[in-house]
There are 2 protein chains.
Amino acid sequence: MVTPEPAKSLRPPGDATAASPAASVDQVDTRYLETLIGYNARRAALAVIGVFLPRMAAFGLKPVAFSVVSLIAHNPGITSRQLCAALNILPPNLVGLINSLAQRGLIERLPHPRDGRAMGLHLTEEGREVMAQAEKTASALEVEAAGRLSAAERQTLITLLRKVYLPD
Amino acid sequence: MVTPEPAKSLRPPGDATAASPAASVDQVDTRYLETLIGYNARRAALAVIGVFLPRMAAFGLKPVAFSVVSLIAHNPGITSRQLCAALNILPPNLVGLINSLAQRGLIERLPHPRDGRAMGLHLTEEGREVMAQAEKTASALEVEAAGRLSAAERQTLITLLRKVYLPD
DNA sequence: TATTGTTATACTCTATAACTATA
DNA sequence: TATAGTTATAGAGTATAACAATA
């Protein structure tokens, strides 16, 4: 018998890097990747978005669109440039989104009170109604997406994540 | 004077939703979005990737490629299908990546010991050398990316993130 | 019949350069 | 000159359908 028995899923605590050339893998060892914040943050974000997408499809809002409309709701008169800075979006990529939101009647562009180049963004009455429901859904969805976390753990997680991506 | 004074950055604790039609925004209020785990996780992941990309460009490895090579390093003989399942990648999107890694001489495909359809993936000697440096860089980069977090906080963050995206 | 790896392809997301109008 | 918004376009990332070889 040249072929060894299938490797047991339990590997030495050190590592499994040294193995025979023709080895096969039973249980995939992801322990190293799981020591990296970037890896875990990305996996967690994609998992939450996976729950977010089908639920928010009822409102026709994908994650970025939801963020944009939410910021307009809480910052009446915000400009495209301010949205881009706050959400790390590039201006050309926001144009189409703003257009479609305006066409759907969720937002409207009013002239900026002090800068003739800029447009202040505001929710329409329909936009306010849709967003009230959408934010309610998004907040409820949090519990479902992070079902194994207690309220205190959720707060801790958010605090730590903000420390990662916020300057200072 | 019809135009009101620019709104102060301090807003009432309740919210700033109600404001005059022609209002302009001084400081953008992102407090609602920051109550959402998905929003924070996505922002944090993008921030870490922003540090990761230029540093790992020296090895010619972007995040997904790094994850793939790392899993091959720690799981010699892993198959494409297993990589896809572990990293949530779709098979057609892995083909080109595996090809380029093989062409660069970092990995090699050996026949699977017990499944004639599958190929076991292994690092070459050069792949082992590159990956040793790459993982060293990635781990050092963690401290830089999460500079404001203590070691204990980093561990807490990782534990909480895993609870979000891992089943069970 | 089910699965591995693959091709072809489409769709979405993100990035860069350049233009206009206002400041 | 600098900035807000826009256009056009390119590139990267991600998705589905269908196929050949093997289980």
Side-chain angles (χ1 to χ4, degrees), chain A residues 3 6 24-25 28 38 42-43 45-47 49-50 52-54 56-57 60-68 72 75 77-103 107-121, chain B residues 6 24-25 28 38 42-43 45-47 49-50 52-54 56-57 60-68 72 77-103 107-121:
Chain A
T3 308
S24 67
V25 173
V28 177
R42 184 165 181 272
R43 292 300 299 265
L46 292 176
I49 289 175
F52 186 96
L53 279 177
M56 302 302 280
L61 294 173
K62 280 183 273 193
V64 174
F66 173 83
S67 307
V68 165
I72 297 173
N75 299 270
I78 192 173
T79 67
S80 289
R81 192 76 167 82
Q82 289 176 310
L83 279 175
C84 286
L87 295 174
N88 207 26
I89 300 172
L90 292 173
N93 299 330
L94 189 60
V95 175
L97 180 53
I98 293 293
N99 281 338
S100 75
L101 292 171
Q103 272 184 332
I107 68 172
E108 58 186 349
R109 279 170 276 209
L110 301 179
H112 191 280
R114 288 186 318 282
D115 190 333
R117 300 168 299 180
M119 300 291 282
L121 302 173
Chain B
S24 66
V25 174
V28 177
R42 184 164 182 271
R43 293 299 301 262
L46 291 176
I49 289 175
F52 186 97
L53 279 177
M56 303 301 280
L61 293 174
K62 280 182 273 193
V64 175
F66 173 84
S67 306
V68 165
I72 297 174
I78 192 173
T79 67
S80 288
R81 194 76 167 83
Q82 288 176 309
L83 279 175
C84 286
L87 295 174
N88 208 24
I89 302 172
L90 292 172
N93 299 329
L94 188 60
V95 175
L97 181 52
I98 294 292
N99 282 338
S100 75
L101 292 172
Q103 273 184 332
I107 69 173
E108 57 185 350
R109 280 171 275 207
L110 302 179
H112 192 280
R114 288 185 320 280
D115 190 334
R117 298 168 301 182
M119 301 290 282
L121 302 173

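Protein chains get the first letters and strands the later ones, always in sequence-line order, with residue 1 at the start of each.
Note that CD1 of B/I49 is 12.0 Å distant from CE of B/M56, once rounded to the nearest 0.5 Å. Of the inter-residue distances, the one linking B/H112 atom NE2 with B/L121 atom CG reads 10.0 Å to the nearest 0.5 angstrom. Separating the CD1 atom in A/I107 from the CD1 atom in A/I72 is a distance of 4.5 Å, to the nearest 0.5 Å.
Atom CG in A/N93 sits roughly 15 Å away from atom P in D/dG13 (whole-Å rounding). A straight line from CE of B/M119 to C1' of D/dT22 spans 13 Å, rounded to a whole angstrom. A straight line from CD1 of B/I49 to P of D/dG13 spans 10 Å, rounded to a whole angstrom. When the C1' atom of C/dT9 is taken as reference, atom CG of B/L90 falls 14 Å away, rounded to whole Å. In this structure, the CG atom of A/L53 is 12 Å from the P atom of C/dT12, given to the nearest Å. Atom pair B/N88:CG and D/dA15:C1' shows a separation of 12 Å (rounding to whole Å applied). Whole-Å rounding puts the B/Q82 CD to C/dT3 P distance at 15 Å. Put simply, CG on B/L94 is 10 Å from C1' on C/dG5, counting in whole angstrom units.
Nearest to the side chain of A/S80, among D/dG5, C/dT4, D/dA2, sits D/dG5. Each of D/dT16, D/dA4, D/dT6 was ranked by its minimum atom distance to the side chain of B/P92; first place goes to D/dT16. Closest to the side chain of B/R117, out of D/dT6, D/dT22, C/dA21, is D/dT22. Of the candidates C/dA23, C/dT6, C/dT4, C/dT6 carries the atom nearest the B/R109 side chain, counting heavy atoms from C-beta on.
Phosphate proximity of C/dT4 to B/R114: absent, as no side-chain N or O sits under 4.0 Å from OP1 or OP2. For the pair B/K62 and D/dG13, the criterion of a side-chain N or O lying under 4.0 Å from OP1 or OP2 is met. Here B/R81 reaches the OP1 or OP2 of C/dT4: one of its side-chain N or O atoms lies under 4.0 Å away.
Mapping A/V95 and A/R42 onto DNA chain D via the closest heavy atom, the residue that lands nearer the 5' end is A/V95. The residue among A/N99 and A/D115 whose nearest nucleotide of DNA chain D is located toward the 5' end is A/D115.
Remark: side-chain polar atoms of B/Q82 are not paired, donor with acceptor, to backbone N or O of A/V28 under 3.5 angstrom.
Atom CZ of A/R109 is surrounded by more than 12 heavy atoms from other residues, nucleotides or ligands within 6.0 Å.
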